[in-house]
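Remarks on the structure that follows.
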2 protein chains.
Amino acid sequence: MRKSEHGARRLEHIETVVREAGIKLTHQRLEIFRELAHTEEHPDAETIFRAVQRRMPTVSLDTVYRTLWMLRDLGLVTTLGLHGDSVRFDVNLHRHHHYVCVRCGAIHDFESMDLNGLHVPESVKELGSVVHAQVEVRGICARCQSVDAPPKKPRAKPGATRAPRAASPRRT
Amino acid sequence: MRKSEHGARRLEHIETVVREAGIKLTHQRLEIFRELAHTEEHPDAETIFRAVQRRMPTVSLDTVYRTLWMLRDLGLVTTLGLHGDSVRFDVNLHRHHHYVCVRCGAIHDFESMDLNGLHVPESVKELGSVVHAQVEVRGICARCQSVDAPPKKPRAKPGATRAPRAASPRRT
DNA sequence: TTCCTAGTTGCGGATAATTCGCAACTAGAC
DNA sequence: GTCTAGTTGCGAATTATCCGCAACTAGGAA
């Protein structure tokens, strides 16, 4: 019962934060929250959509997307991997690590003896074989900190719940 | 001159491996290799395509993709992030790390005091602010090791240069 | 409770990245 | 030079995600 308790707490937290951001708690959002709060997976929008659809046959996939981006903007969920429009390739065969700018998507390699020596815990071996381990550091790159314009592909990804007149929690 | 030397060596390496795999060295492939060998970035297919197109106006984007997947299958390039069709969401707000199965794309969280304490080198600060650092471990998950079938989306991504009768380096 | 409106929703049609089927080529073995 | 398995470019799918819009609803005001 630990799991569902945990889920309940998580759900409560999501609702609180969303409410405090001045965003309306609609049925569909509530259902999506519930689904999210109870998963231990890393679902994609489609998966959540299908799950929610079982209880609420009329939701639209679009709403699921919108809700997820909103939650991401509030810091309640993260997106895995790079915020990806297209696949990026890496030709660097040397052991290295990545710095990813969460705003513009730029990726820089860096090396570090310390990090190369990092010790993957035994427990991971139960999950599967370990081929490769690397560190991913996220932040806002120097360039984005100076200029205030994402240099690449402004495809509604970073920021923006896509709400021209919507939500706007006026995040200070 | 260090850089281009490095590129030259890299190019040579790619050509050698590809040749030894019994794959034909066509003009377009050679150009793509050259482009890749000399980049210090993490380009996407489109970017490489445009670069190659300058020297060889007739290449097709499709060929670029095919070549890249081929190189990935040979281990000469890696794809960044999860091999991503769709965005995956993570509701886990606790500090954690990821185990990613390179075959089926499954992602598992794991925790580790050791890894939480990892020390991001000073040099990274020059790249930008550090918001978050986590470890990504790649391997083949237990499930994929037992059953021999990718449980999810067989969309030509993992493995397969998309070559029904092609290439087949007969990797032993 | 009822009313009112900013914020939302579902829809159907865009976009963009990536893949496919196929007929016309070409590298490289002989 | 010949021959063929392996490749290429093309144009048409696919798929994830987004956008505009008109019909709705949460939640504060009356």
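Just so it is clear: chains get the letters A, B, ... in the order the sequence lines come, proteins before strands, and each one is counted from 1.
- Over its length, the helix from C:dT1-D:dA30 to C:dC30-D:dG1 turns its helix axis by 30°, as judged from the five terminal pairs at each end, rounded to 10°.
- Nearest to the side chain of B:T58, among C:dC11, D:dC18, D:dG9, sits D:dG9.
- Across the protein-nucleic acid pair, B:M70 atom CE and D:dT7 atom P stand 8 Å apart, rounded to whole Å.
- Partners of B:H108 under the ring-ring contact (aromatic ring centres under 6.0 Å, His included) rule, at least two apart in sequence or in another chain, do not exist in this structure.
- Rounding to whole angstrom units, CG of residue B:L61 and C1' of D:dT8 are separated by 13 Å.
- Rounded to whole angstrom, the span from the CD1 atom of B:I48 across to the C1' atom of C:dT18 amounts to 14 Å.
- Summarising the geometry, the separation between CG on B:L71 and P on D:dT7 is reported as 12 Å, rounded to the nearest angstrom.
- Evaluation of atom-type donor-acceptor distances gives no pair under 3.5 Å for the side chain of A:D62 against the base of D:dC18.
- Residue pairs meeting the ring pair (Phe, Tyr, Trp, His ring centres under 6.0 Å) criterion with at least one partner in residues 39-61 of chain B, sequence neighbours excluded, are A:H98-B:H42.
- In this model, the phosphate group of D:dT7 is approached by a side-chain N or O of B:R29 to a distance below 4.0 Å at OP1 or OP2.
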For nucleotides 27-30 of chain C, tabulate all protein N/O to nucleotide N/O atom pairs closer than 3.5 Å, reporting atom names and distance.
{"residue": "C:dA27", "atom": "N3", "partner": "B:K24", "partner atom": "NZ", "Å": "3.3"}
{"residue": "C:dG28", "atom": "OP1", "partner": "B:L25", "partner atom": "N", "Å": "3.3"}

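- A:V137 has its side chain out of reach of A:V100: every pair of non-hydrogen atoms, C-beta onward, lies at least 4.5 Å apart.
- Between B:W69 and C:dT18 there is no side-chain polar atom (N or O) within less than 4.0 angstrom of OP1 or OP2.
- With rounding to whole Å, B:F89 atom CZ is found 11 Å from D:dA16 atom C1'.
- To the nearest angstrom, C1' of D:dT7 lies 14 Å from CG of B:L30.
- With sequence neighbours left out, B:Q134 forms a side chain to side chain donor-acceptor pair (under 3.5 Å) with no residue at all.
- In terms of the side chain to side chain donor-acceptor pair (under 3.5 Å) criterion, A:H13 has no residue partners (sequence neighbours excluded).
- D:dC10 atom P lies 16 Å from atom OH of B:Y65, rounded to whole Å.
- A search for ring-ring contact (aromatic ring centres under 6.0 Å, His included) contacts involving A:H119 returns nothing, not counting sequence neighbours.
- Taking 4.0 angstrom as the limit, A:Q28 places none of its side-chain polar atoms (N or O) nearer than this to OP1 or OP2 of D:dT25.
- Residues satisfying the ring-ring contact (aromatic ring centres under 6.0 Å, His included) criterion with B:F33, sequence neighbours excluded, are absent altogether.
- In this model, a side-chain donor or acceptor of A:R66 finds a partner on the base of C:dG10 within 3.5 Å.
- Residues passing the side chain to side chain donor-acceptor pair (under 3.5 Å) test with A:R95, sequence neighbours excluded: none.
- The CG atom of A:L30 lies 10.5 Å from the OG1 atom of A:T67; values are rounded to the nearest 0.5 Å.
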